[in-house]
Amino acid sequence: MNTKQLKKPTIKDIPQGRLGMWLLIAGEFVIFGGLMVSYLLYRIRYEEWAEMASHTNVILGATNTFVLLTSSYFVVKAHQAAQHKDSKKITMYISLTILCALIFLVVKITEYSQKLHHGFTFSGKELAASGKAIESSYWGFYFLMTGLHATHVVVGAIVLFIVMQGTRKGKNFHRIEIAGLYWHMVDLIWIFLFPLLYIAH
Amino acid sequence: MGTHKKHGFWHRYFFSLDHKDIGFQYLLTAMFMAAFGGFFVYVFRYNLAFGPSDIPLYGDLAAKQYNQLVTNHGAIMIFWVGMPILLAVIGNYLIPIMIGTDDMAFPTLNKISYWIFLLSCIVLLSGFLMPTGAFGGGWTMYPPLSVSDFGYNNPNTTFWSNFFTGNTFFLLAVALEFISMLMGGINFVVTTLNKRAKGMSLMRLPLVVWMVNIANLLFMFSVGPLIAGAFMLLMDILVGTGFFDAYRGGDPILWQHLFWFFGHPEVYVLLLPSIGAVGEIISTFSRKPLFGYKMVILMVIIAAILSLVVWAHHQFVSGIDPGAANIFSLLTIIISIPFAGMVLSYLGTLWKGNIRLEIPMLWALGMLATFTFFGGFTGLHLGSNVFDIYAHDTYFVIAHFHYTLFPTVFLGGFAAFYYWYPKFSGRMMNKTLGLIHFWGTFIFFNTIFIPLFWLGLQGQHRRIYNYSAWNDLLMQPEHIMARQIATVSLIFLLLFQFVFLFNFFYSLKKGKKASKNPWEANTLEWQTDSPPPHGNFDPYPVVQRWPYDYNHPEKELDYCPQTES
Amino acid sequence: MNIFPESISQIGSEMDKLFWIITAVVGIATVITLFLFIYPIVTRKRNKTKEEMYMVGNSHNKRKWVYIGMMLLFLGDMYILLKEHPIWESVEQTLPEPDFKIVIIGKQWMWNIIYPGPDGKLYTDDDVMAYNELHVPVNKVVHMDIKALDVVHSVFLPQARFKQDALPGRTITRWIKLNKTGEYDISCAEICGTGHSIMRGTMYVEDFNTWEKTMADIYKK
Ligand code: HEM
Ligand SMILES: [Cu+2]
Ligand SMILES: [Cu+2]
């Protein structure tokens with residue numbers, strides 16, 4: 001007998017993609033949580049770090065916050081469109097989201113090059129050499145946390161793009177919601193990172 | 001009957017999406033890694049007992065290699081043997097058939113998890129080929145030692161010369177392994193929640209399914225900070241950041257917190273699936289319901305939550321605040337209580353049972369006994385922060401944690417293996433060989449580690465290549481003798497594993513054919529064919545009762561499958 | 001066959017006693033549990049009715065023996081904590097007035113000992129550094145500032161039942177008071193690289209007069 005003919009057993013219909021994504025998001029939050037707690041412990045210990053934090057560019061950071069929040073709004077819109085299986089609208093909103101992601105990355109690269117220009121490098125060797133040993137490791141956290149987050153932005157954008165391509169073939173509309181959940185997580189993590197790293201006092 | 005077409009070797013072992021095949025792939029990979037872990041321990045124990053030169057099958061051993069072997073032995077046994085066997089094999093093979101479904105929720109993700117796991121094995125072992133040699137700073141990877149030759153500390157290095165080192169490969173391998181297990185864990189939890197058969201309510205799940213899921217959640221919530229820490233350590237090595245460099249504001253103790261916040265729960269991650277399988281076995285072979293099923297689950301959840309707040313008992317003398325150490329000592333000692341509840345429930349299951357001493361039951365009883373009497377109870381010694389001042393980083397600790405981990409991984413693992421072997425191979429294992437294997441392993445396991453307890457109390461500290469610098473304290477004839485007893489026992493223990501290997505492959509071909517339900521057990525996997533067909537059930541089962549109705553007063557037989565109304 | 005190496009401090013002897021107290025608590029628990037283990041195995045062939053065997057343990061009343069066991073263990077746990085806490089307080093949370101102070105620095109792979117020099121004060125110009133040899137007076141409170149230069153080490157004095165990690169970038173002050181003269185070991189209990197197993201120092205516990213003479217010799221050099 002063909003197994004496909006059998007009725008699949010299920011006990012409840014929690015969409016399993018959503019459930020899996022929630023778990024993944026929980027896992028990601030613990031990872032970023034570990035980084036943020038480590039950072040906070042140092043930050044409280046060293047006054048020098050507040051001064052370093054004032055070298056971050058709050059305006060660019062705020063711009064990026066705004067960009068990400070906007071992108072989240074587009075994702076919500078895309079989700080609504082997905083409920084109506086409207087692949088044209090989906091394509092539009094997801095494209096806008098990806099555009100936001102690109103803007104985010106461009107701003108990020110600008111920021112990074114500014115930092116490097118001022119001698120604030122990932123390893124902090126230059127600062128350490130100029131006698132600012134403790135200050136130097138601030139930039140390790142800055143680049144690691146924002147870099148890891150930016151990687152998530154890239155991954156999220158790629159995932160959204162693939163899912164969008166799927167819906168254009170008229171398939172898998174529910175995946176918009178799942179990929180969207182992931183995108184909201186990326187956004188939310190930034191909401192935590194921004195005050196931690198940029199706002200000095 | 002499943003008449004699916006037979007797939008070839010490559011398909012079955014490399015590309016299959018079937019949870020049973022993937023479980024089997026994990027099993028074979030873990031056995032392969034266990035051979036390395038076992039060989040390493042043989043080499044370095046031989047050195048401790050009989051000296052570093054002319055070790056049979058190896059040659060001469062230098063101090064640096066000693067550290068590398070110890071480090072990789074520990075890491076392999078925990079991450080590449082314990083984790084895959086207890087989480088991935090048990091989870092993959094058993095969860096779908098025990099909850100009555102055809103496969104995992106995300107079969108492709110499952111496949112990818114395995115591939116990442118395999119990659120992590122390869123990365124770890126290639127660490128030995130690096131110009132600097134494999135990583136040798138202890139499986140705990142404490143900085144600054146794990147960074148000291150690289151990164152900022154060594155201006156002659158570049159990113160790539162830092163990359164091709166044992167340290168980087170070790171860290172990468174561990175990170176990959178975590179990612180693989182995280183993905184697997186998500187899969188298990190979603191499968192359990194979403195794909196249960198009709199009637200399989202949460203309170204009808206077999207204990208081992210509960211345990212694997214609690215273990216997975218515990219893993220997910222404890223490993224995050226260490227993954228973050230691993231990124232930080234990796235950056236310290238590769239680009240010379242100063243996260244853990246005390247001279248640049250970093251803090252070596254931070255790593256210890258991140259590591260042990262994961263490291264302590266990790267032992268429970270290993271323990272839970274193992275003790276869950278032992279629970280199934282004890283109930284089946286006592287022909288009695290599992291005593292206090294709900295209480296056991298509750299106790300385990302309590303212990304799992306507590307395990308997140310006891311980590312600093314590994315750091316009593318590492319320079320943390322001594323006041324805080326009191327709290328950690330209290331919590332650590334308290335954690336014995338839920339475990340006592342669990343063990344007593346198991347003993348309640350044995351009480352007045354018609355115990356059948358089949359091979360799986362012997363392993364299960366052996367696991368429970370050694371874990372409780374030597375592993376658990378010496379935990380009280382070490383949980384006391386005062387005694388830990390002396391015992392920390394001595395062989396007392398080594399013996400203690402091997403008395404928890406060896407029963408968990410190997411005694412519990414073998415119990416599960418012998419129990420479910422008929423299901424996955426369709427044949428019975430040879431009983432005489434099983435007996436020989438059990439007693440050989442059980443006896444020699446104890447004679448390895450009891451001398452090590454004593455050596456620890458004598459002040460023998462760990463990760464030492466050669467004790468000749470401690471002529472008066474540790475090189476008396478009785479010390480040398482104790483080391484030799486441990487080593488000779490180890491060699492015997494390893495030899496007895498060949499009996500197992502032989503039995504494994506021999507029974508696969510020549511064993512007696514197994515019926516559907518050779519142990520007369522209740523859970524769903526025993527209601528389908530041995531081995532289960534592709535898709536597992538035909539038709540899908542409908543669950544009528546909980547899994548432990550042995551000797552139910554209203555039933556004729558002394559067991560009553562879950563599908564029976 | 002002795003269980004512990006000889007103890008050369010009062011605190012150390014108390015810790016050994018604590019070990020036996022814990023072992024006794026655990027021993028009682030072991031005896032009870034062992035009985036619960038063995039009895040059902042020995043009597044496994046006796047006839048039992050199904051009613052007797054169908055023991056689910058789904059009410060508090062039926063689980064009372066488990067609760068009692070947990071309570072007993074709880075009492076044992078509390079007893080252990082009660083006995084250990086005062087020792088911990090005196091070892092780690094108090095610093096009695098020092099009679100003598102030294103600095104001990106772990107370094108790959110040796111112990112650097114800094115003595116205060118003729119002026120009796122540490123961290124002054126006349127401090128004297130010695131390698132792997134620590135001389136301390138008997139029956140006096142000695143403070144040790146524990147540090148490390150490169151990686152984590154751990155000062156382990158087995159006979160004194162003393163251990164403290166030495167960390168780069170930190171100074172941790174601990175005290176010892178030893179009551180027996182003789183030559184004892186200084187081990188490193190934290191893996192610190194290839195030479196971890198040769199990182200041994202010697203501690204000489206001397207009576208006050210001998211010790212003063214030794215110190216004078218050291219300072220002369
Ligand atoms: C086959 C029996 C085993 C024997 C005889 C054995 C023996 C040892 C010994 C003597 C050490 C200490 C080496 C030293 O400090 O110099 C050690 C370390 C260790 N073992 Fe085992 N072991 C066995 C199995 C296992 C298992 C099953 C696990 C875990 C699942 C395990 C995990 C570890 C760990 C984590 C370390 C610490 C490594 C380190 O210090 O970095 N071992 N083993
Ligand atoms: Cu622990
Ligand atoms: Cu050392």
Side-chain angles (χ1 to χ4, degrees), chain B residues 63-64 67 137-138 142 144-145 148 246-247 252-253 288-289 291-292 295 317-319 322-323 326 330 333-334 336-337 340-341 344-345 347-348 350-355 369 372-373 377 380-381 384-387 389-390 392-393 457-459 461 463-466 469-470 473 478 551-553, chain C residues 1 3-5 15 18-19 22 26 29-30 33 36-37 40-41 44 48 50-58 63 66 69-70 73-74 77 80-81 84-85 87-88 91-93 150-152 154 156 158 161 163-165 167-170 172 185 187 189-194 196-198 200:
Chain B
K64 189 174 178 200
N67 288 347
Y142 279 11
L145 180 62
S148 60
Y247 298 108
I253 290 191
K288 280 189 65 205
F291 185 82
M295 182 178 62
V317 296
S318 77
N326 285 318
L330 174 79
I333 289 189
I334 292 285
S336 63
I337 292 168
L344 286 171
S345 301
L347 294 176
L350 285 178
W351 192 254
K352 290 192 172 167
N354 285 338
I355 297 171
T372 312
F373 295 135
F377 285 157
L380 286 184
H381 288 97
S384 142
N385 46 9
V386 174
F387 185 66
I389 297 175
Y390 180 58
H392 176 72
D393 268 350
L457 293 178
Q458 285 286 304
H461 46 315
R463 295 161 170 171
I464 297 285
Y465 163 63
N466 183 322
W470 287 266
L473 184 68
E478 63 265 31
N551 272 306
H552 194 289
Chain C
M1 199 168 69
I3 296 292
F4 291 104
M15 282 163 69
L18 180 75
F19 171 80
I22 301 176
V26 164
T30 307
T33 328
L36 292 173
F37 233 103
I41 297 179
R44 66 182 184 276
K48 298 135 198 146
K50 284 199 162 195
E51 280 72 20
E52 255 182 304
M53 288 181 67
Y54 194 73
M55 225 163 76
V56 181
N58 53 2
R63 294 199 294 252
V66 174
M70 285 161 71
L73 189 66
F74 179 73
D77 285 356
I80 294 173
L81 286 167
E84 67 150 26
H85 186 65
I87 313 180
W88 179 263
V91 183
E92 303 270 326
Q93 287 180 289
D150 32 38
V151 301
V152 182
S154 186
F156 180 29
R161 312 287 187 265
K163 189 178 290 134
Q164 174 59 55
D165 281 9
L167 293 141
R170 284 187 197 210
I172 298 169
D185 300 84
S187 312
E190 191 62 67
I191 188 168
C192 52
T194 319
H196 176 49
S197 51
I198 51 167
R200 177 187 183 272

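Letters A, B, ... are given to chains in the order of the sequence lines, protein chains preceding strands, and every chain is numbered from 1.
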Whatever's closer than 4.5 Å to a heavy atom in chain B on C:Ile41 counts as both
For B:Ser336, side chain to side chain donor-acceptor pair (under 3.5 Å) partners two or more places apart
C:Asp77
Closest non-hydrogen atoms of C:Lys163 and C:Ala189, given as atom of the first, atom of the second and distance, are CE-CB, 3.8 Å
Checking C:Val91 against chain B: side chain, backbone, both or neither under 4.5 Å from a heavy atom?
side chain
Are the side chain of C:Lys48 and the backbone N or O of B:Gly353 linked by a donor-acceptor pair below 3.5 Å?
yes
Give a yes or no on whether the backbone of B:Gly348 and the side-chain of B:Lys288 come within a donor-acceptor separation of less than 3.5 Å.
yes
Which portion of B:Phe291 sits near chain C, non-hydrogen atoms under 4.5 angstrom:
both
Part of C:Arg63 lying under 4.5 Å from any heavy atom of chain B
both
How are the rings of B:Phe373 and C:Phe37 set to each other: parallel, tilted or perpendicular (split at 30° and 60°)?
tilted
Whatever's closer than 4.5 Å to a heavy atom in chain B on C:Ile191 counts as both
Under 4.5 Å to a heavy atom of chain B? For C:Ile3 that would be both
Under the side chain to side chain contact (heavy atoms under 4.5 Å, CB included) rule, collect the residues that match up with C:Asp150, sequence neighbours excluded.
C:Lys107, C:Gln108, C:His153
Taking side chain as everything from C-beta outward and backbone as N, CA, C, O, which of these in B:Asn354 sits under 4.5 Å from a heavy atom of chain C? Side chain, backbone, both or neither.
both
Output field: ring centroids C:Phe19/C:Phe4 closer than 6.0 Å:
yes
Counting only non-hydrogen atoms closer than 4.5 Å, does C:Ile80 touch chain B with its backbone (N, CA, C, O), its side chain (CB onward), both, or neither?
side chain
Comparing B:Pro289, B:Gly459, B:Ala63 against chain C, the one with the most heavy-atom pairs below 4.5 Å turns out to be B:Pro289
Let me know if C:Leu18 has heavy atoms under 4.5 Å from chain B in its side chain, its backbone, both or neither.
side chain
